[in-house]
Protein chains: 2
Amino acid sequence: MAEFLDLHSKTTKALRALAETAMRRHGLHQGQDHLLAALWERDGSTPGEIAAALHVTTPTVVKMATRMSAVGLLVRRRDEHDNRLVRLWLTDAGRALRGPVEAERRSLEEKITAGLTETELRQLTTALAKIYDSARDLL
Amino acid sequence: MAEFLDLHSKTTKALRALAETAMRRHGLHQGQDHLLAALWERDGSTPGEIAAALHVTTPTVVKMATRMSAVGLLVRRRDEHDNRLVRLWLTDAGRALRGPVEAERRSLEEKITAGLTETELRQLTTALAKIYDSARDLL
DNA sequence: CAGTAATCGCTAGACGGCAAACGATTAGGA
DNA sequence: TCCTAATCGTTTGCCGTCTAGCGATTACTG
């Protein structure tokens, strides 16, 4: 009964736990690395843009930004031309995490996929992408 | 950069959203169907047992049980022989959801995997199981 | 040009999830 | 037998996530 969904769910929880302990080593909470990644890619993005990039709602980004701002990873600043907008800017501390965090993430991916051959991994990625597309269509 | 992890993360969010709207049709919140499933399988389980079955911590089950008890899906009762234990028992309302919820879950699984051939689905399941095993080992 | 509509970020409140600490009960050993 | 250790459920507090609703600013339209 719902074989794939159950397996996916279990895997998700295990991967989340791994990612969490990995990121905690750098003083981050689960998901905060993704927010940072968005800023590493485009510093000064707005909460709305980041939310779209992370497949998350705006309030989620707002809350995370507040906490991350409190620990000095980024700063909030209103846009000069459009006063509705807020832009998030990395601090030196936020920028400094890029190397270590990206390495950590690559390392995790490698460990996780170590048991698969190249072919298996390619097939897995392709099939999972199809699942993702189906899910998006049903949304 | 972390190709598989990113894809998996996106897919998880999409599937979660789908499962949530599906279960909301039956008045349930995300994950509550799993707790019910554990009781359908073995009514009178303890929070600890359910937590283990769901790959979740005990406090999570306790909170969910409190809410689900408030809406009349189950009842709490202390074990007669061991007063440390609490057992969760389904109400008629909780039992009545089994058919519809299981059908909903099967339907979702079918829709999600409709784009894959039998072979692709089998390969996907096998590969994902390997990922899961790797993750568990690293935990 | 004025007023309405659209766009944004934010707050409030709820839920699933976790770790840590607490209290009560039972089991086991000196 | 009594005292300690193990076992459980629960509480507390935090984080990520969502929906709904609010307030402010900008854009558009008559």
Side-chain angles (χ1 to χ4, degrees), chain A residues 9-10 12-24 27-36 38 44-52 54-71 73-88 139, chain B residues 9-10 12-24 27-36 38 44-52 54-71 73-88 139:
Chain A
S9 168
K10 285 193 304 183
T12 295
K13 280 172 182 134
L15 288 183
R16 156 133 65 136
L18 280 180
E20 190 148 356
T21 62
M23 288 309 150
R24 199 182 302 273
L28 296 179
H29 290 277
Q30 168 63 22
Q32 296 188 342
D33 54 327
H34 293 111
L35 200 162
L36 285 181
S45 297
T46 68
E49 291 168 349
I50 296 176
L54 302 193
H55 302 93
V56 153
T57 61
T58 305
T60 297
V61 173
V62 169
K63 269 194 191 176
M64 289 177 64
T66 299
R67 286 164 186 145
M68 293 170 75
S69 161
V71 292
L73 290 172
L74 53 84
V75 292
R76 261 195 181 87
R77 206 180 309 155
R78 297 212 86 90
D79 186 288
E80 301 176 350
H81 305 303
D82 189 337
N83 257 299
R84 290 172 300 185
L85 271 50
V86 160
R87 299 197 173 275
L88 305 181
L139 232 56
Chain B
S9 168
K10 285 193 305 183
T12 296
K13 281 174 181 132
L15 288 183
R16 155 133 65 134
L18 280 180
E20 190 149 356
T21 63
M23 287 310 151
R24 198 183 304 271
L28 296 179
H29 290 276
Q30 168 64 22
Q32 296 188 341
D33 54 327
H34 293 111
L35 199 162
L36 285 180
S45 296
T46 68
E49 291 168 348
I50 296 177
L54 302 193
H55 301 93
V56 152
T57 61
T58 305
T60 296
V61 173
V62 169
K63 267 195 195 176
M64 288 177 64
T66 299
R67 286 164 185 146
M68 293 170 74
S69 161
V71 292
L73 290 172
L74 53 84
V75 292
R76 261 195 182 86
R77 206 181 308 156
R78 298 211 86 89
D79 186 287
E80 301 175 350
H81 306 303
D82 189 337
N83 258 299
R84 290 172 300 184
L85 271 49
V86 160
R87 299 197 172 275
L88 304 181
L139 232 57

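Side-chain atoms are counted along with the backbone in the values below, which use heavy atoms only and exclude waters and symmetry mates. Convention: sequence-line order gives letters A, B, ...; per-chain numbering from 1.
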* To do: Specify the residues of residues 63-70 of chain B, ordered by number, for which at least one heavy atom lies under 4.0 angstrom from an atom of DNA chain D.
  =>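 Those residues are K63(B).
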* To do: Any salt bridge (charged side-chain N to carboxylate O under 4.0 Å, His left out) involving residues 27-36 of chain A? Give me the pairs, sequence neighbours left out, ordered by first then second residue.
  =>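 Qualifying pairs: D33(A)-R105(A).
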* **Which nucleotide in dG9(C), dC18(C), dT26(C) has an atom nearest any side-chain atom of N83(B)** =>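 Between dG9(C), dC18(C), dT26(C), the one nearest the side chain of N83(B) would be dT26(C).
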* With a 4.0 Å cut-off on heavy atoms, is R76(A) in touch with a base, just the backbone sugar-phosphate, or nothing at all? ->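 Result for R76(A) = sugar-phosphate.
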* To do: Give one of base, sugar-phosphate or nothing for V56(B), where a contact means two heavy atoms less than 4.0 Å apart.
  =>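 V56(B): backbone/sugar contact only, no base atoms under 4.0 Å.
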Each nucleotide N or O in nucleotides 5-8 of chain C that has a protein N or O under 3.5 Å away: list the pair and distance.
from   : atom 1 : to     : atom 2 : distance (Å)
dT7(C) : O2     : R84(A) : NH1    : 3.3

* Asked: What pairs with N83(B) under side-chain hydrogen bond (donor to acceptor under 3.5 Å, both in side chains), at least two apart in sequence or on another chain?
  ->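 In terms of side-chain hydrogen bond (donor to acceptor under 3.5 Å, both in side chains), with neighbours along the sequence ignored, N83(B) is linked to no residue.
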* **Contacts of S69(B) that satisfy side-chain hydrogen bond (donor to acceptor under 3.5 Å, both in side chains) - sequence neighbours left out** =>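 Testing S69(B) for side-chain hydrogen bond (donor to acceptor under 3.5 Å, both in side chains), a comparison that skips the adjacent residues, returns none.
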* Asked: Atom CG of D79(B) to atom C1' of dT25(C): distance rounded to whole Å?
  ->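 Taking atom C1' of dT25(C) as the reference, CG of D79(B) is at 12 Å.
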* Mapping G31(B) and T58(A) onto DNA chain C by nearest heavy atom, which one lands closer to the 5' end? ->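 Whichever sits nearer the 5' end wins; that is T58(A).
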* **Electrostatic pair R16(A)-E20(A), nearest N-O below 4.0 angstrom** =>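 E20(A) and R16(A): not salt-bridged.
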List, with names and distances, any nitrogen or oxygen atoms from the protein found under 3.5 Å away from nitrogen or oxygen atoms belonging to nucleotides 1-3 of chain C.
none

* To do: State whether Q32(B) places a side-chain N or O below 4.0 Å from either non-bridging phosphate oxygen (OP1 or OP2) of dG16(C).
  =>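 The answer is yes; a side-chain N or O of Q32(B) sits under 4.0 Å from OP1 or OP2.
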